[in-house]
Amino acid sequence: MKKIKVCAATPNITVADPKANAKEIIRISKNAGKKGAKLIVFPELSLTGCTCGDLFFQDTLLESAMENLKVIAEKTKDVKAAIVFGLPIMMNHDLYNVAAVLYKGKLCGFDIKNKTLWDAYGDEFRWFRDRLGGKVKDIGFFPCSLKNKSGKLIDNMSGGYDLDISENLRIDFKRQLGFTLGVGIGNDGEGKYYESSYKGEEVDIIAQLGARRKVVDEDTEDFVQNVAYNSNAQVVYAETGDGESTTDFVFAGESAIASEHTMYKKSTPFKNQVIMAEVDIDEKKDALVKNKSTQTKGLNPFIPDDEREKTKMCKNILKIQSKALAKRMKTIGADKLVVGISGGLDSTLALIACVNACDELKINHKNIIAITMPGFGTTSRTHDNASKMMRFYGVTKKEIDITESVKQHFADIKHGIRNKNATFENAQARMRTMILMDVANDNNALVVGTGDFSELALGWCTYNGDHMAMYSINANIPKTVIREVVSYEADRIKNERLSKILKDIVDTPVSPELLPGKKDKIAQKTEDIVGPYELHDFFLYELLYLGKTPSEVLSDSTVNFMKQYKPDVIKHWLKVFIKRFFSQQFKRNCSPDGPQVFSFGFSPRGGFMMPSDASAQAWLDYLK
């Protein structure tokens, strides 16, 4: 048994500031070295931050990264450990996502990410190449004789400044530190790459640099142990965390140290921790074939059947929302939020997210300006629930009746008040959005959007009305999941009266309440108009996430929902889903920022992309 002390670190990232990030890397490296760590691993692109976007093309950022690579080498000469961190580097006029390996002030090698793809921080192909092209020239800064011998196990520490630039870097640190090192970036370790390159006795430890977004349907522990299985080595996985941009994603910093069979240490999500453990590099047990599936089963593919897993999902969703919103507030320097409250599911969850974000930042709930805006179709049930809920959460409550202002607007555009067409409905949604935006301007606040994932798929929102916000907190959460999260909040909250209100909101029929009702009853029930959300969420998952054909989706949904709906009813609503999904893409193409909670999303910056004028006919032909 041979044990090596290793460290996985999630530093506090400052996006696009290599100098600040270098100071963090140096500080953590020195502390870990004093505690006996022989390997210290930092996340992917940790010198710049992974969410820089097109700033990766800026010479200013790239030159600063190189300058601070040199600073880190100089400042860690006394650290008796291999230090691995990520940065972007320009070589041969191409940009690469690389991991640098340092030891006692010397640069030992660069590992190039060999699986560039659409990743947590965007379309990597836009910025980075995934194969080293041509002969490498001197990159400056280091007096190196650069070699391009991919895959050759070499001892770079025997003397001189020979440097390996490789797509599967391996360095023999046996003499200096007692182990051989392999390096992986992102998902490089999840396939044939490691099976062909690292299987066997060649590599003792994998330094795996990650920037995985936090989503509720992927498990970091499974990922790390899968890398260990593919390499038959110990894995030190460092993941980026708080400090990265939350434009579309939240990064939880879920670092881990593991073998295939042993989880030595894992960090607490959202804490930006530095973890250390002793790994046994002689643990080379025969790997067993694992059959792990990431596809959710059951009637609702987004919601786990197991109650413990469902609770975990709800907790993670609330944490992702609060972290994302808190980061956005800190970034723009706003300490106030504005949110419209209707008494429905979506605005309720948005309010809960606002409350949690303020708790995260230790800001008084009074800094949340919650506005209820009754109109022609508002019922006393939703109005009263909205008012009571705002009071119990201790936010700044405002009520602005929009009826007269909308009537004046109708008069201005010469729209008859009795004409209950789309203009009648959409004018109310746009009036409410205008109020929210103007109140936010008056208070230097951020407007928090309430629209959800299912509504985006169906285009069930008013363009430039409830479709628009400054940050859309529910944008990746399906309607059926929102119901689960609000139910979870109702069960866990200590205030019995608030719990009762939340449960009543869960039981209230989903409605935009834009048309007048009779005897204070809801006139519009959304699921009567566009179809049941449990069906649409099933269609959404199978058609778009799994990429199944409409006929396959129809067959699956007919089997799964045979007790609830007749086959012709399911077929009707599937056609509605397809038609609406294609015709409403223009709304998704300009949707606001918001955190991705599941591994599939509609962000126009990196989610499901399609032209607004695509035809749905080929999909509809499957259902003839």
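Atoms considered below: every heavy atom in the structure, side chains included; atoms not considered: hydrogens, waters and symmetry mates.
Under 4.0 Å is where a charged nitrogen must lie from a carboxylate oxygen, and between Glu360 and Lys319 at least one such pair does. Using a 4.0 Å cut-off between charged side-chain N and carboxylate O, Glu67 and Lys19 make no salt bridge. In summary, Lys174 and Asp204 engage in a salt bridge, as defined by a charged side-chain N under 4.0 Å from a carboxylate O. Between Arg129 and Asp94 there is a salt bridge, since at least one side-chain N of the basic residue sits less than 4.0 Å from a carboxylate O of the acidic one. In this structure, Asp78 pairs ionically with Lys30, as a charged nitrogen and a carboxylate oxygen lie closer than 4.0 Å. Remark: Glu542 engages Lys548 in a salt bridge, criterion side-chain N to carboxylate O under 4.0 Å. Salt bridge Glu254/Arg212: absent, no basic N to carboxylate O contact under 4.0 Å.
In terms of modelled atom types and a separation under 3.5 Å, the side chain of Lys327 and the main chain of Gly243 share a donor-acceptor contact. Of the possible donor and acceptor atoms, none in the side chain of Ser46 sits under 3.5 Å from a partner among the backbone N and O of Phe42. Judged purely by atom type and a 3.5 angstrom limit, Asn316 has no side-chain atom pairing as donor or acceptor with the backbone of Val216. With hydrogens and angles ignored, the 3.5 Å screen pairs a side-chain donor or acceptor of Glu244 with a backbone N or O of Cys50. The backbone N or O of Asn12 sits less than 3.5 Å from a side-chain atom of Glu24, completing a donor-acceptor pair. Remark: the backbone N or O of Val183 is not paired with any side-chain donor or acceptor of Gln208 at under 3.5 angstrom. In this structure, Lys2 contributes its side chain and Gly178 its backbone to a donor-acceptor pair below 3.5 Å. Here the side chain of Arg213 pairs no donor or acceptor atom with the backbone of Val597 at under 3.5 angstrom. Looking only at distances, no side-chain donor or acceptor of Ser322 sits under 3.5 Å from a matching main-chain atom of Asn356.
Within the 4.5 Å cutoff, side-chain heavy atoms of Tyr471 are placed close to those of Pro595. Side-chain atoms of Ile205 and Phe173, non-hydrogen and from C-beta on, never get closer than 4.5 Å to each other. Looking at heavy atoms from C-beta onward, Val274 lies in side-chain contact with Cys7 at the 4.5 angstrom threshold. Side-chain atoms of Tyr545 and Pro301, non-hydrogen and from C-beta on, never get closer than 4.5 Å to each other. By the 4.5 Å heavy-atom criterion applied to side chains, Ile40 and Phe85 are not counted as neighbours. Between Leu456 and Asp452, the closest side-chain pair of non-hydrogen atoms is not below 4.5 Å. Residues Phe251 and Thr51 form a side-chain contact, since some pair of their non-hydrogen atoms from C-beta on lies under 4.5 Å apart. Within the 4.5 Å cutoff, side-chain heavy atoms of Leu87 are placed close to those of Leu69.
Here Asp219 pairs with Lys312 under the salt bridge (charged side-chain N to carboxylate O under 4.0 Å, His left out) rule; sequence neighbours left out. Residues passing the side-chain contact (heavy atoms from CB on, under 4.5 Å) test with Lys77, sequence neighbours excluded: Glu74. Legend: residues meeting ring-ring contact (aromatic ring centres under 6.0 Å, His included) with Phe598, ordered by chain and number and at least two apart, are Phe302. For Asp593, the salt bridge (charged side-chain N to carboxylate O under 4.0 Å, His left out) criterion is met by Arg328, Arg605, not counting sequence neighbours. Partners of Lys23 under the salt bridge (charged side-chain N to carboxylate O under 4.0 Å, His left out) rule, at least two apart in sequence or in another chain, do not exist in this structure. In this structure Asn31 satisfies the side-chain contact (heavy atoms from CB on, under 4.5 Å) test together with Arg27, sequence neighbours excluded.
A donor-acceptor pair shorter than 3.5 Å can be found between the side chains of Ser255 and Thr10. Side-chain contact check for Asp242 and Asn272: no donor-acceptor pair (N or O, by modelled atom type) lies under 3.5 Å. Side chains of Asn97 and Trp127: a donor-acceptor N/O pair is absent below 3.5 angstrom, by distance only. A side-chain N or O of Gln321 and one of Asn474 form a donor-acceptor pair less than 3.5 Å apart.
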* To do: Let me see the working for Met313 and Val481 under side chain to side chain contact (heavy atoms under 4.5 Å, CB included), right down to the final yes or no.
  => CA-CA 9 Å; Met313 177 195 72; Val481 176; 3.9 Å; yes
* Would you please test Ile257 and Ile275 for side chain to side chain contact (heavy atoms under 4.5 Å, CB included) and show each step? => CA-CA 8 Å; Ile257 300 168; Ile275 58 173; 4.1 Å; yes
* Stepwise side chain to side chain contact (heavy atoms under 4.5 Å, CB included) check, Asp111 with Ile185 -> CA-CA 8 Å; Asp111 180 81; Ile185 306 174; 3.6 Å; yes
* To do: Check the pair Lys113 / Val98 against side chain to side chain contact (heavy atoms under 4.5 Å, CB included), numbers first and verdict last.
  => CA-CA 6 Å; Lys113 186 170 185 178; Val98 309; over 6 Å; no
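Taking all atoms of both residues into account, the shortest heavy-atom contact from Glu309 to Pro304 is CB-CB, 3.6 Å. The nearest pair of heavy atoms linking Ala258 to Gln225 is CB-CG, 4.2 Å. In terms of heavy atoms, Ala8 sits closest to Val236 at CB-CG1, 3.8 Å. Heavy-atom minimum distance, Leu169 versus Gly109: CD2-C, 3.9 Å. In this structure, Leu61 and Leu55 approach most closely via the heavy-atom pair CD2-O, 3.4 Å. Taking all atoms of both residues into account, the shortest heavy-atom contact from Ala99 to Leu209 is CB-CD2, 3.7 Å.
Tyr237 and Phe223 have their aromatic ring centers within a separation under 6.0 angstrom.
Atom-to-atom distance recorded for Ile206:CD1 and Ser259:OG is 12.5 Å, nearest 0.5 angstrom. For the atom pair Met276 CE and Tyr264 OH, the distance stands at 15.0 Å (nearest 0.5 Å). To the nearest 0.5 Å, the span separating CD1 on Ile13 from CD1 on Ile25 amounts to 6.5 Å. Within the model, atoms CZ of Phe57 and SG of Cys52 stand 12.0 Å from one another, a figure rounded to the nearest 0.5 Å. In this structure, Lys104 NZ and Leu102 CG are separated by 13.5 Å, a value rounded to the nearest 0.5 Å. How far CG of Leu181 is from CD1 of Ile4: 11.5 Å, rounded to the nearest 0.5 Å.
Residue-environment remark: NZ (Lys266) stays at or below the threshold of 12 foreign heavy atoms within 6.0 Å.
Between Phe602 and Phe453, the ring planes are tilted. Angles from 30° to 60° get that label.
For the side chain to side chain contact (heavy atoms under 4.5 Å, CB included) with Pro11, the lone residue among Thr240, Ile28, Leu47, Asn21 that qualifies is Ile28.
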